[in-house]
Amino acid sequence: MRSTRGKVGTVALLTLSTMFLSALPATARTDDRIYDGWDVAGAGNFRPSGNYKSDISLCDEELDGNSVYAEFYTYGGARIDLSDSALNGCAQRTLWGEHNQIRSFRIREEGGAWSPLAVLDRA
């Protein structure tokens with residue numbers, strides 16, 4: 001007959017590990033990027049230590065002289081526009097508050113069509 005002592009010890013250890021890990025503060029995060037050629041727009045929703053934070057960015061990585069634009073839509077209903085500030089430049093912003101979490105965004109190069117929307121979950 002086999003001993004159950006080892007099995008009970010393993011179950012107890014797994015239970016304690018799960019309890020310890022669930023007590024750690026969680027940092028929720030969701031992010032995505034969209035490319036138009038080499039140009040890129042990105043957004044991320046975070047919740048470090050209970051605060052709501054969103055980062056948005058846009059970079060023109062092509063030497064073609066065309067400007068790049070991005071539109072970001074928040075869960076609060078706002079639209080935030082970014083464009084590269086100079087030839088081959090980048091733009092970025094940090095937004096605070098749950099209402100400023102990014103819901104979706106898209107990118108386009110001057111003279112081109114808008115990309116499909118990238119949709120993000122709340123953090």
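These numbers were taken from a predicted model, which means no experiment stands behind them. Hydrogens, waters and symmetry mates play no part in the numbers below; they use all other heavy atoms, side chains included.
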Compare all side-chain heavy atoms of Ile56 with those of Leu82 and state whether any distance is below 4.5 angstrom.
-> yes
Looking at CG of Asp60 and CD of Glu110, how far apart are the two atoms once the value is rounded to the nearest 0.5 Å?
-> 10.0 Å
To the nearest 0.5 Å, tell me how far Arg122 CZ sits from Arg47 CZ.
-> 10.5 Å
Close side-chain approach of Asp36 and Ser115, heavy atoms under 4.5 Å = no
Closest non-hydrogen atom pair between Tyr69 and Ser83, with its separation = CD2-CB, 3.6 Å
So SG of Cys90 and CG of Leu58: to nearest 0.5 Å the spacing works out to 7.5 Å
Which heavy atom of Ala70 sits nearest a heavy atom of Phe72, and at what distance?
-> CB-CE1, 3.5 Å
To the nearest 0.5 angstrom, please state how far the CH2 atom of Trp38 sits from the CD atom of Glu62.
-> 9.0 Å
Ala113 to Arg108 - nearest heavy-atom pair and separation | O-CB, 3.4 Å
From the options Leu117, Ile34, Ile80, select the one residue that forms a side-chain contact (heavy atoms from CB on, under 4.5 Å) with Phe105.
-> Ile34
Which pair of heavy atoms, one from Arg106 and one from Pro116, lies closest together, and at what distance?
-> CB-O, 4.1 Å
When rounded to the nearest 0.5 Å, the distance separating CD of Gln101 from OG1 of Thr74 is 9.5 Å
Asp55 side-chain N/O to Gly44 backbone N/O, donor-acceptor pair under 3.5 Å | no
Show your working on side-chain hydrogen bond (donor to acceptor under 3.5 Å, both in side chains) between Arg79 and Tyr73 and close with a plain yes or no.
-> CA-CA 5 Å; Arg79 185 180 96 190; Tyr73 300 92; 4.7 Å; no
Would you please test Asp31 and Asn45 for side-chain contact (heavy atoms from CB on, under 4.5 Å) and show each step?
-> CA-CA 6 Å; Asp31 58 2; Asn45 293 326; over 6 Å; no
How far apart are the closest heavy atoms of Glu71 and Asp81, and which atoms are they?
-> CG-OD1, 3.4 Å
Working to the nearest 0.5 Å, report the span between OG1 of Thr30 and CG of Leu120.
-> 5.0 Å
Could you tell me whether the side chain of Asp39 reaches within less than 4.5 Å of the side chain of Asn66, counting heavy atoms only?
-> no
Of all heavy-atom pairs between Asn51 and Trp96, which one has the smallest distance, and what is that distance?
-> CB-CZ3, 4.3 Å
